[in-house]
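What follows is a single structure, written as structure tokens, with notes after it.
This chain uses plain numbering: 1 for the first residue, then up along the sequence.
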Amino acid sequence: MDYYNESDILKTFKYSDRLAFNDRFIEEKKKGALNYAGKVFVAVINSIPIYARMEDEHESGEQWVIQQLCNESSILESGRYDIDCAKVLWGFSAYLISNIVFELCDNEYYLNNINGVSDDIIFEQYYSICYQIYKVQKIVKYKYSNNDVAKIKALDEEFRQQHLKTERELWTKSQHHVANPLLKTDDFKKKVNDYFLFLARDMNIVKNEKPKFESIIQYRDKGRLLKRFHELIDNNSGAAIGSVFLKAKQECLITKKVTKSLFESEFWACSKSEWESIRKYTDEGNINALDRANQIVIFD
């Protein structure tokens, strides 16, 4: 997916096949329910930063912003996009709205994650997206390769510091723009603040503790995935191990490449040469590694 700055994205993406978005409905399911139901949020997920627009749900079932795009017309031509589909959320709160639903019960709305996905998985997914964007933006500055451990470590630390600061600023901005009371509920605010705690905890782990292998797992059942990793890795070596990690990264079961310290925190201590034979098969630029990874089935 291509990513573009927020200020340029609508000028760049004039047609429906070039704008990546998720939409979420807040439906009025019961007569006499809260009068701010019937809204639609469109989260533009390939913008930097990610942001969300809000509008009334149309009787046709087709939202204004989507209709404009599907008609293959410039979304800028009418000049009403910021009126009919105003921006209301930026950063993590915008990503969050595309991963939750509001359910009405006894005239009150309750927030639930879609498909029962845990908060930690949503946090890891958003963090990973932001880190990948940041890394691409900094390639020219750092001129690094995936093998340059020192520069990648410097990039990691810089990103952590910058990301927490930026997300707090985007949340403050969102709170000033949001009029819909659903997005001012304690439940919604708590999830956003929990993400800040997640970032702060991650920074503390980096400073004070050696990271655990389990910390990079984003599969909903960590225990099941760890068990499967041991089935595939124990009593193996080199390429057989590295290609498992490459496959897991391709399938978004882990958030980043496995390092020697992460490997040793879960499996066994290995020599520098032993780790090198594993590491080179975690590299997406290694054709042989990709071929081996394609033959691996982690879960049917």
task: Please answer: with hydrophobic residues joined when any side-chain heavy atoms are less than 4.5 Å apart, are Leu290 and Ile254 in the same cluster?
output: no
- request: Report yes or no: do Val192 and Phe198 belong to one cluster of Ile/Leu/Val/Met/Phe/Trp/Tyr joined by side chain heavy-atom distances under 4.5 Å?
  value: yes
- prompt: Under 3.5 Å, is there a donor-acceptor pair between the Trp90 and Glu167 side chains?
  reply: no
- prompt: Would the Phe299 and Tyr219 ring centres measure less than 6.0 Å apart?
  reply: yes
message: A quick test of your reading: do over 12 heavy atoms of other residues, nucleotides or ligands sit less than 6.0 Å from CG of Asn235?
response: no
- prompt: Just wondering, do His176 and Lys173 contact through their side chains at under 4.5 Å, heavy atoms?
  reply: no
statement: When rounded to the nearest 0.5 Å, the distance separating CZ of Phe92 from CG of Leu170 is 12.5 Å
message: Walk me through whether Asn99 and Asn113 qualify under side chain to side chain donor-acceptor pair (under 3.5 Å).
response: CA-CA 6 Å; Asn99 285 276; Asn113 296 353; over 6 Å; no
task: For the pair Glu276 and Lys272, find out whether any cationic side-chain nitrogen is under 4.0 Å from an anionic carboxylate oxygen.
output: no
- request: Quick one: pull up CG in Leu199 and NE2 in His163 and give me the separation to the nearest 0.5 Å.
  value: 5.0 Å
- line: Interatomic distance, OG@Ser243 vs CG@Asp283, rounded to 0.5 Å, equals 13.0 Å
task: Using the rule that two of Ile, Leu, Val, Met, Phe, Trp, Tyr join whenever any of their side-chain heavy atoms come within less than 4.5 Å, decide whether Ile216 and Leu232 are in one cluster.
output: yes
Tyr134 OH to Ile48 CD1 distance, which is reported to the nearest 0.5 Å: 12.5 Å
is_close_aromatic(Tyr126, Tyr131), centroid dist under 6.0 Å: no
Carboxylate-amine/guanidinium contact Lys260 Glu264, below 4.0 Å: yes
query: Is any NZ, NE, NH1 or NH2 atom of the basic residue among Asp187 and Lys191 found under 4.0 Å from an Asp or Glu carboxylate oxygen of the other?
result: no
task: Taking the side chain as every heavy atom from C-beta outward, state whether Lys249 and Thr255 have any atom pair closer than 4.5 Å.
output: no
task: With Arg168 as the cation and Phe196 as the aromatic partner, state whether NZ or CZ is under 6.0 Å from the six-membered ring centre and within 45° of the axis.
output: yes
